[in-house]
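Please read the structure below before turning to the comments.
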Number of protein chains: 2
Amino acid sequence: MSTSCLQTIRSNYARLSDKEKIIAKYIINHPQTIIHSTINEVAEKLNVADATVFRFCKRVGFKGYQAMKIALASEIMTPAQQILEEIKEDDNERIVAEKIFKSNIKTLEYTLQVLDEASLNKAVQLLLHASRIHFYGTGGSAVIAMDAYHKFIRTGIQSFAFIDSHFQLMSASQLTGKDVAVIISHSGTNKDTLNILNTANENGAHTIAITSYPKSYLSNHADVTLLTSSEETEYRSEALASRIGQLSLIDALYANVMMRNKKDSEQALNKIRTTISGTRME
Amino acid sequence: MSTSCLQTIRSNYARLSDKEKIIAKYIINHPQTIIHSTINEVAEKLNVADATVFRFCKRVGFKGYQAMKIALASEIMTPAQQILEEIKEDDNERIVAEKIFKSNIKTLEYTLQVLDEASLNKAVQLLLHASRIHFYGTGGSAVIAMDAYHKFIRTGIQSFAFIDSHFQLMSASQLTGKDVAVIISHSGTNKDTLNILNTANENGAHTIAITSYPKSYLSNHADVTLLTSSEETEYRSEALASRIGQLSLIDALYANVMMRNKKDSEQALNKIRTTISGTRME
DNA sequence: TCCTCTAGTGAAATATTTTTTCATAACTTA
DNA sequence: TAAGTTATGAAAAAATATTTCACTAGAGGA
């Protein structure tokens, strides 16, 4: 069972019998409940025989009800894990670290979940065919832009990132229709960032936005928008938490471009290696 | 059950009886197996009575064996998810992104796993009592140092990060016994970075290393070492993958310092907010 | 020392839950 | 319409989990 079991149920839905469809619907809508129910309880709730539920489990590929329950449990996070645990005053260092890491993991899971396939494809295509890529980010997002630069310089495509907002604006004014501007902004509302977006657009450059707000100006005016997502906690702002999603999104773009552009990339990588041999590369 | 169940078992270990300790060990070492075993099988394997296993489940806080199994299943990832999938030539964009995200998630899980409690505690203490914190990183790790700077500036403790290796060395030479140098280097062997470490040490500053190599010079000569971990894939170097672990480690340090230093931090945060109101903060 | 008392344990009894079997109904198709 | 097929539930059987009870060993007290 390599695919997820909810997925399996969904894809088998068409060839299920009527009663089985009822069961499938119930499981898909209440996987949490199933985990803590016996086969009787489920059967009774749905007014079908236990045997029918059991046969359903077999039909969708499990050894039995128990096996399905276990598979569901592995797939669905328990509410305890799903609820982002707040850091408490008396948490020790280890617990705080665990909560932060789990929150980061959750951010990644959620960002992956909201990742739109069409947007991703378009972004990868734009980057692959760009003659230059400029990464822009202000404040905390500047770090991500720098990281992106560090990655993409290995692809063989000319890449740039500027920290200073004046340099950013200057470089944006130099963009052309063959270039791509990747603009990273958690809120999508930072003035400097929007200035860059407008300048890039005016010059006919393609624009890719990485932001947490789908309704922001940035989202609405970029050619492609990639969304990150995160939750705010008392000791860490939403913006801080979203960083990890942005970073992974860049990773994903990079890996895609790298893979689809293998030959060119390898040349570039070798060139870099030769240049900085002497100091250890990282 | 807010904490994880393996964690609960571990923390209850001391007050378990002999037989129960055997059971606890088995579960901690083979959680995967438990998920697919009946209570008999476990009891037989360990040469104890079913009742003993059952009592164990209750003792550590579950309703019964079934409940424990479900909890374990929710906690443990299935093997399919655990195996790091290599990116293949014919993977589409979405699949590549999924693999990258999963690899990042795995990196976080593993980094958390190898996080040493004593080192973490010491690091937090050093940072809390530092009069200044300098973050150092070269190449890709420079980005992490910058990120750390952006975070820690909110704690009210004076923080710095330098990108240029000359500035780095200059600033390191200004460190005193009241200061902390956080040195980030994936390999722990970059020459510039080691120079900084030595300079910091000579000046009596406390040093915290964040690296993937526990046997590196950096590890061996820093006051505290925090380890990250990652796996290399064809389209992404180990160093690139470790970034996400470094970032989360910084997050964890930041959250800890922030929490334990709440009052001072709030003042600092307000000051920043006032200063940069006008442009949207992130 | 001897006698409680307690905690820990396993075997067996019981209860619960799952799985199988079988009979029947409903629906197809020739 | 008859034979075959599929879907279903009821009940039996099997598997599994939980409870009870009796025994043991060790701790503490008279």
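The chains referred to below are lettered A, B, ... by the order of the sequence lines, with proteins before strands, and numbering in each begins at 1.
At least one donor-acceptor pair closer than 3.5 Å links the side chain of B/Thr225 to the backbone N or O of B/Ser219. Side-chain atoms of B/Thr52 do not come within 3.5 Å of backbone N or O of B/Val48 as any donor-acceptor pair.
The distance from atom CG of B/Asp18 to atom P of D/dA25 is 15 Å, rounded to the nearest whole Å. What separates CD1 of B/Ile70 from P of D/dT16 is a distance of 15 Å, to the nearest Å. In this structure, B/Glu44 places its CD atom 11 Å from P of C/dA11, rounding to the nearest Å. In this structure, A/Asn47 places its CG atom 10 Å from P of D/dA10, rounding to the nearest Å. In this structure, the NZ atom of A/Lys19 is 13 Å from the P atom of D/dA7, given to the nearest Å. Remark: P of C/dT16 and NE2 of A/His36 are 20 Å apart, rounded to the nearest angstrom.
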Problem set entry | Step-by-step side chain to side chain contact (heavy atoms under 4.5 Å, CB included) determination, B/Met258 to B/Phe152 | CA-CA 8 Å; B/Met258 198 69 171; B/Phe152 273 82; over 6 Å; no

Problem set entry | Stepwise side chain to side chain contact (heavy atoms under 4.5 Å, CB included) check, A/Ile105 with B/Leu112 | CA-CA 11 Å; A/Ile105 289 172; B/Leu112 179 59; 5.9 Å; no

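Environment of CD in A/Glu41: crowded, with over 12 heavy atoms of neighbouring residues, nucleotides or ligands closer than 6.0 Å.
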Please list, for nucleotides 17-21 of chain C, all pairs of protein and nucleotide N/O atoms separated by less than 3.5 Å.
| from | atom 1 | to | atom 2 | distance (Å) |
| --- | --- | --- | --- | --- |
| C/dT18 | OP2 | A/Ile39 | N | 2.4 |
| C/dT19 | OP2 | A/Tyr65 | N | 2.8 |

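Contact between the side-chain N/O atoms of B/Thr52 and the OP1/OP2 oxygens of C/dT9 is not found at any separation under 4.0 Å. Contact check, B/Ser17 against C/dT9: a side-chain N or O comes under 4.0 Å of OP1 or OP2.
At a cut-off of 3.5 Å, with distance as the only test, no side-chain donor of B/Thr228 or B/Ser242 sits close to an acceptor on the other residue.
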